[in-house]
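All ligand and atom numbering here is 1-based and tracks the order in the structure. Excluded from the calculations below are hydrogen atoms, water molecules and symmetry mates; all remaining heavy atoms, backbone and side chain alike, are included.
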Amino acid sequence: MQAVRIDGKANAESVLRDVTAAGAALHKKTGVKPGLAVVLVGEDPASQVYVANKGRTAEACGFHSVTHRLPADTSQEALLALIDELNADPAIHGILQQLPLPKGLDADVVVGRIDPDKDVDGLTLVNAGRLASGLADDAFVPCTPAGCMVLLRQVLGDDLSGKRAVVVGRSNLVGKPMAQLLLLANATVTVAHSRTKDLPALCREADILVAAIGRPGLLKGDCVKPGAVVIDVGINRVPAPDKGEGKTRLVGDVAYDEAAAIASAITPVPGGVGPMTIAMLMANTVASACRAAGEPRPRF
Ligand code: NDP
């Protein structure tokens, strides 16, 4: 059996169309235009690309979009003052602090300063607590696991009752919120990590296998139960000498060809979870704007 390839790009485009429509309807009805502020400190090249993409996508959705680019030697006080300013700005409904921060700046303090009602990355303790308490409707859910759930729902539907899910990775950004979302959808969830014994045997129990590890191709065919749905969150840049000297390519945490021969559906890397992350950031921003305007929160 060859697994169905879950097309994250097409799904992301569909979410972005719905987000654009929801933003336009909100603007027409209330005069409120969704506003997203992205803050980048320093010159990390990957972060610059991500920030530019977020700004472009927000504009394409018809949002009010601002990007604050601060030098690497920005003080914590200056950065916190900017966050305070954005918290108080009624034209801004979502604030995203691009991570990692340069040395000397404390990401927990900076992210913790974001108003939880503008925390469209879902990283504040308030939003993590809401999600962990089962109050997902009130929470902003981190964008990557939220995007994984959209892809999973498309393949398996809303209710995952009776399904065994294994999430490999326990970060606050991906693994833990992913496990919470699967639990809320009634899956029976196990979280694995670097200290887990016999990872392949555990993974082979999974009807839903989510890899959020950051180790290229770590999960091989022997980790996949026949017919499982595999969601590969990993994004790893590896050398690709076949493309020429010094060239690289992106691969996931799952050995795609081996897994695709056994699974029923699988996300590719690139083109799987990656495009969903930015789409869900826009979804959270329009949801925040609706909430601020007293309108019902749209679902994507
Ligand atoms: P972290 O480094 O924060 O977490 C990695 C997790 O993997 C940890 O819990 C770690 O365990 C676990 N781990 C590491 N090695 C092993 C191993 N050999 N066996 C089992 N578990 C292991 O990474 P993130 O969660 O931030 O990201 C994970 C991956 O997802 C990365 O490749 C990242 O680039 C990608 N990513 C992709 C996004 C997208 O948009 N598609 C967005 C965000 C991330 P322990 O806790 O014990 O150390």
- Task: Check each atom of ligand 1 against the heavy atoms of G274 and keep those under 4.0 Å away; list them by number with element.
- Result: 40 (O), 41 (N)

- Can we say D158 and R153 salt-bridge, meaning some charged N sits less than 4.0 Å from an Asp/Glu carboxylate O? yes

- Which of the numbered atoms in ligand 1 are below 4.0 angstrom from a heavy atom of G169? 6 (C), 7 (O), 9 (O)

- Identify which of A212, G175, G214 has a heavy atom lying nearest to atom 6 (C) of ligand 1. A212

- Message: Tell me the protein heavy atom at minimum distance from atom 42 (C) of ligand 1, and give that distance in Å.
- Response: T144 OG1, 3.2 Å

- Query: Please walk me through it: do E258 and K220 pass salt bridge (Lys or Arg N to Asp or Glu O under 4.0 Å)?
  - Reply: CA-CA 6 Å; E258 286 182 30; K220 312 259 186 279; over 6 Å; no

- of all protein heavy atoms, closest to atom 44 (C) of ligand 1 is V174 CG2, 4.0 Å

- Note on the structure: Which of I208, V189, T188, L209 passes side-chain contact (heavy atoms from CB on, under 4.5 Å) with R164? It is T188

- Note on the structure: Of all protein heavy atoms, the one nearest atom 36 (N) of ligand 1 is V233 O, 3.7 Å

- Straight-line distance of L79 CG to L70 CG, nearest 0.5 Å: 6.5 Å

- Just which atoms of ligand 1 are under 4.0 Å from any heavy atom in N236? 32 (O)

- Taking atom CG of L125 and atom CG of D108, what is their separation to the nearest 0.5 Å? 8.0 Å

- So CD1 of I6 and OG1 of T267: to nearest 0.5 Å the spacing works out to 6.0 Å

- Query: Relative to the heavy atoms of V273, which atoms of ligand 1 are at a distance of less than 4.0 Å?
  - Reply: 41 (N)

- Message: Once you restrict to heavy atoms under 4.0 Å, what part of M276 touches ligand 1? Side chain, backbone, both or neither.
- Response: neither

- Item | T196 and ligand 1 - part of the residue with a heavy-atom distance under 4.0 Å | neither

- Got the closest protein heavy atom to atom 13 (N) of ligand 1, with its distance? I213 CG2, 3.5 Å

- Subset of ligand 1 atoms that lie under 4.0 Å from at least one heavy atom of T277: 39 (C), 40 (O)

- Query: Which option, L173, T267, N172, owns the non-hydrogen atom nearest atom 26 (O) of ligand 1?
  - Reply: L173

- Message: Which residue and atom name correspond to the protein heavy atom nearest atom 34 (O) of ligand 1, and how close is it?
- Response: I235 O, 3.4 Å

- Message: Check this for me: does any side-chain nitrogen of one of R299 and D137 sit under 4.0 Å from a carboxylate oxygen of the other?
- Response: yes

- Item | Atom pair CG/CG of L131 and L181 - distance to nearest 0.5 Å | 5.0 Å

- Task: Please write down residue, atom name and distance for the protein heavy atom closest to atom 47 (O) of ligand 1.
- Result: S194 OG, 2.6 Å

- Query: Any salt bridge between R130 and D117, counting N to O under 4.0 Å?
  - Reply: yes

- From Y50 atom OH to T277 atom OG1, the distance as rounded to the nearest 0.5 Å: 9.5 Å

- Query: To the nearest 0.5 Å, what is the distance between NZ (K54) and CE (M282)?
  - Reply: 8.0 Å

- Message: I need the nearest protein heavy-atom contact for atom 17 (C) of ligand 1: residue, atom name and distance, please.
- Response: L218 CD2, 3.8 Å

- Looking only at protein heavy atoms, what sits closest to atom 46 (O) of ligand 1 is R170 NE, 2.7 Å

- Look at ligand 1 and say whether A192 reaches it with a heavy atom at a distance under 4.0 Å. no

